[in-house]
Each structure stands twice: as structure tokens, then as C-alpha cells.
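A short worksheet on the structure shown next.
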Amino acid sequence: MTHGTVEKRALSDRFLSGLEAAGNKLPQPFNLFLWLFGIVGVVGTIAAWAGVSVQVPGAEEVTPVRGLFTGEGLAWFTANLGPNYLGFPPLVTVLPILLAIGIAEKTGFLSAAIRAAIGSAPRWLLPYMVGFLGVVGSIMADSVFVILPPLAALAFAAVGRHPVAGLLGGFAAAGAGYSTSIFPTSLDALFAGITNAVLPTVPTVEAAAAPVNPVSNYYFNIVAALLLSLIAGFIIDKVIEPRLVRTGVPTTPQASDPGAPTTHTIDDEGNEVVVDTAAEVNHALTADERRGLVMGGLAVLGVGVVMLAATLVPFSPWRNEAGGFLPRSPLLSSIVFIVFTLFAVGGYVYGRSARTIEGFNDVPRLMGLALKDMIPFLVLAFVMGQFIALFNWSGIGSWIAVAGADGLEATGLTGFGVIVLFILLCSLLNLFIISGSAMWTIMAAVFVPMFGLVGFEPAFVQAAFRIGDSATQVITPMNPYMIVLLTYLRRYTPQAGFGSLMSGMVPFVVPFWLGWLALLFVFYSLGLPLGPGNDIFIEELRR
């Protein structure tokens, strides 16, 4: 090994160690929002005592800044503790979708679909299939980080390709492309709920902007998912696998420690994850699973056809008063119902056909298991709801939004350049705050109303955030699933460390970031809609 290689590895290790140490100094998400809640309360109180107010564009009266630690503030908080929590908008959209996805996941429907796709891909197409499944795998939430990499490694080995390329590629595609998918997911509902929660900060923006729902970024997500799948497949095929061959990384598992078959880690919501990394994986489907996939797929198709017919007929109750669907209509307000029904029906039919459930009596149990998985989020949502409610009530959000928008206009940063800076900031913070819901709650509270006042639709700001929230996720030790990936990697290279992981992850980060950003610029330049009824600009407020 050359001196340059040793020095490079030492620098890499020092960087990662420093990053990990800095990240470990940050409080856990729940404590972080407690601190933020306290800071907003103190700042608002000082501003209220100083008589600070703000003139929101379009509002007839000035908005005074109010403080938590005043008589008015304390009365407001004690009277609204419950409503602040239960009124947190993400709960309304996320929980129903999670119940349905829980049925599809717990019956094995989603896992079987991934295994079938990998097992049926020809040798040349396999890297691109792994890239595609990784990118769209966020539909399974964090489960994709545990399920896909070992399956991809097995599939690569089965066709004579390097299994570590599948292992690394599957993880990188899932992490760096986590915020997009060709299907609406619970993450779309979560982001939309948080976006809507901060809009009351500036009523002018709330009134003029298009409503945000789980499909507000859908067109952008579809194109992004396909583009990132191609980028991921190309990197796996042309960069990662050739490098593994050149460096002589073994293609067969080496001796492993039988005394450590499981890996324990804590996910970004504080939930313990235990993975049996010594368990054998198999992408082959049983006859029952194949039958279940066919029947589940037909059920989803059938439900989709019925829904389409119901909306296309004249005088459909899901049309708006003008007979259309955009920008507002009962159809767009029914997205949660549509997603819920498709996943619930597909998962149930699969379960009955594949014999993974006995009957409808199993459905409440599966929903309960799905909800149990979300308990850490429900706890975190309590404090996030209090923070957002205080931020809106205090007027600090309006104050920051107006001051920030005026500052952007004064410096001339009201075009795509400011969006690039915003994405860079998100990418940097993503190295330390791995929880997407926590980071979007913080970022949305400031930037959605601020950018809204200079003319950007909230859905566009949300789409930009997705890039920063995902691209750098696979190069931070804060990612709890990195230790799981490292355990799998050590099957082939027992001496592998985080530096080994970084060498496999870095080739994905920059291409994903640049490709995703270029796509956003295309939508921006051409004025393409991001989703049904969601454009780039709020024309009434565009500066």
C-alpha cells in the first residue's frame, strides 16, 4: 500500500470521525425540538416586550410578535396543548397511509414484489433494476435499507456478477434517492403535512399558493425516480463493480464470526433495529408468493380502474364546480383515501392468495403492527406540533419570512440561485440531522413562507428540499443503517471499516445531487408543473 493511499485513508477517517463526533453532540430530535420551542418562546417574549411587529404584504393590519412567557402566551399554551398535537397536519395524512402500507408490508406483498423484480432481471439489466428498486424503495420506509442490499448481493452472485456491487449499489440508491418514488408514499404525506402546517405563518402566501397534498411533487418524483435509477445503475455497472474487480474484493463470503449474528442500531426516530445479518436471503418466490403477486397486482389494477371510471364520468362528485380537477377538487382532496385503498386492497388480496394471513380478522392486527412501528414518530410529533404551533402563533415566522424575503430581494437572490443555496444548506444539515421529518419541520418553518413571499410555490420549495434531504444521507455516520451495511460488507471483506463504505458511497452522491438539481432546473426553466395543480411560481407574489 502506498504512502498516498495511507494518507488519503487517514484523512478520510479523520473527517468521518470528526463528523460523527459533531453529530453526536447534537441532541436527539425530541430534545432538539424542546430546545427550539424554548428558544422561540424566549425570543418571542423579548420581541413582544420590545413592541416588535411586522407588516405582512397584503395584510391590512400589522402582525405583532407575541411571547410565550407572557400572560397571554401561557394561557394560549395551556389551553391548546392537545389541539397543538392532534392538529399537527402530518398526523392526518401519514397515519392512514401507514396503516394501509402496513398491510401491504406485513403480508409480504412489497417484499415479494422486490424479490420478483430482482430475480427476473437479466444480467445486463440487473444494476439498473437494483438502482430502480433502491430509489423507489422508500415506499417501504426504512425497511428498504435492510431488505434490498443483501437481496441485490445474492442476485448479482447468481448471474456471475460481483455481489458487493449489488450490496453497495442497493444501499446507495435507497439512501441517496430516498425522497422520491414513482408511487405516493407516507413520506409524501408527511412532507405535505409539515408544509401545510407552516403556511399560516404568512396568510398572504397561504391564500395565494396552491394547496399541497401527497401528490404535489408527483410529476417531478416520477421523472426524478427514473433519472436517478439510470444514474445509479450506470455507477454500479461502470464504476463500482469494475473497481471491486480491480482491487480484488472477494466475490464469496469469507469466514464470519458466528457469535455475532445480529446487529443492533437505533434509527433516526429513536427506535431499536435488530437485524439478523447472518440469516440467509433468497430472492426466489414460492408458488404461493407468485400467485399472491398476480392476484394482488390484479386487485390493485381493478381498484384503480374503478376509481378512474368514477372520476371520468360526467357529473362525477369528485370534480370541482367547474367540472374539472385542478387546482382544487374533491379528487385531489381524496389522495389519502386513494393511496390507502390501493395498498390495503393489494396487500390483503396478496395475503389471502399467498396464505400469509387467514382472513379479514388479521387486518386489524397488521394495522396495529404498522402503528406500533410508528410510536417513536408519534412521540416526536407531539413536540414538533407544539413547536410549529408556537412558531405560527407567536408571529416570529411572519417576522422572519418578511425580513428574509426583503433581504433576498435587496441582494437580487430571488431566482434559481437562492434555491441552489437552500439545497446546499439542506445537504450540509443532512450530515448531522438524519431525520427527514425533523429537518423539514425546521427548514419549512423558515423557508416556505420566506420563499413564498418572493413567489415560489410551497410545493416547489418542498421538491428542492428532497434533494438536500437525500443525496448526502449515505456518507454520514449518523445514518443508523450504515452499521448494518458494514456488517454485511464484512462478510466479504472482514477488515472493512467506515472508510471502505465511503469509497463505495461517494461515487453516488455527487452524480445524484447534480442530476437531481439539473432536473429541478429543467422544471424551473420550462415552468413545468410539479404535480397536479402545483406549479413553480405564485404569480400574484412573484418578484
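Proximity of a side-chain donor or acceptor of Thr311 to a complementary backbone N or O of Leu308 within less than 3.5 Å is detected. With hydrogens and angles ignored, the 3.5 Å screen pairs no side-chain donor or acceptor of Ser53 with any backbone N or O of Thr63. Although no hydrogens or angles enter the test, the distance criterion places no donor-acceptor pair under 3.5 Å between the side chain of Ser216 and the main chain of Gly531. Although no hydrogens or angles enter the test, the distance criterion places a donor-acceptor pair under 3.5 Å between the side chain of Trp440 and the main chain of Phe191. With Ser334 contributing its side chain and Phe337 its backbone, the two residues share no donor-acceptor pair below 3.5 Å. Using a distance-only test at 3.5 Å, with no hydrogens or angles considered, a donor-acceptor pair links the side chain of Thr45 to the main chain of Gly41.
Put simply, the side chain of Asn213 does not reach to within 4.5 Å of the side chain of Ser333, judged on heavy atoms. Residues Val303 and Met307 have side chains in contact (heavy-atom distance under 4.5 Å, counting atoms from C-beta outward). Proximity of Ile423 to Trp516: side-chain heavy atoms (C-beta onward) are nowhere separated by under 4.5 Å. Proximity of Leu91 to Leu378: side-chain heavy atoms (C-beta onward) are separated by under 4.5 Å at one or more points. Between Ile442 and Leu32 the shortest side-chain heavy-atom distance falls below 4.5 Å. Proximity of Pro214 to Val339: side-chain heavy atoms (C-beta onward) are nowhere separated by under 4.5 Å. Looking at heavy atoms from C-beta onward, Phe88 lies in side-chain contact with Ile388 at the 4.5 angstrom threshold. The closest side-chain heavy-atom distance from Val135 to Ile182 is not below 4.5 Å.
Judged as a side chain to side chain donor-acceptor pair (under 3.5 Å), the pairs with a partner in residues 75-87 (not counting sequence neighbours) are, in order, Asn84-Gln386. Applying the side chain to side chain donor-acceptor pair (under 3.5 Å) test to residues at least two apart or on different chains, the pairs with a partner in residues 452-470 are Ser179-Asp469, Ser179-Ser470, Asp188-Arg466, Thr195-Gln462, Asn217-Gln462, Asn217-Arg466.
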**OP:** Step by step, work out the ring-ring contact (aromatic ring centres under 6.0 Å, His included) result for Phe451 and Phe537.
**Re:** CA-CA 10 Å; Phe451 287 161; Phe537 299 106; over 10 Å; no
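Ile194 approaches Ala444 most closely through the heavy-atom pair CG2-CB, 4.1 Å. Between Val136 and Ala225 the shortest heavy-atom distance is CG1-CB, 4.3 Å. Closest non-hydrogen pair, Ile538 versus Pro458, comes out as CD1-CD, 4.1 Å. Gly177 approaches Phe512 most closely through the heavy-atom pair N-CE2, 3.9 Å. The heavy-atom pair separating Val383 from Leu34 by the smallest distance is CG2-CD2, 3.7 Å.
The structure places CG of Asn430 at 4.0 Å from OG1 of Thr472, a figure rounded to the nearest 0.5 Å. With values rounded to the nearest 0.5 angstrom, Thr201 atom OG1 is found 13.5 Å from Trp393 atom CH2. Expressed to the nearest 0.5 Å, how far CZ of Phe37 lies from CG of Leu390 amounts to 5.0 Å.
Classification of the Tyr524-Phe456 ring pair by plane angle, with boundaries at 30° and 60°, yields tilted. Phe422 and Phe447 have tilted rings, their planes meeting at an angle from 30° to 60° on a 0 to 90° scale.
Residues forming a salt bridge (Lys or Arg N to Asp or Glu O under 4.0 Å) with Arg319 (at least two apart in sequence, or on another chain): none. Residues satisfying the side chain to side chain contact (heavy atoms under 4.5 Å, CB included) test with Ala370, not counting sequence neighbours, are none. Remark: Phe171 pairs with Phe145 by the ring-ring contact (aromatic ring centres under 6.0 Å, His included) rule, at least two apart or across chains. Contacts of Phe183 classified as side chain to side chain contact (heavy atoms under 4.5 Å, CB included), with partners at least two apart in sequence or in another chain: Ile139, Ser181.
More than 12 heavy atoms of other residues, nucleotides or ligands shown are found within 6.0 angstrom of CD on Glu539.
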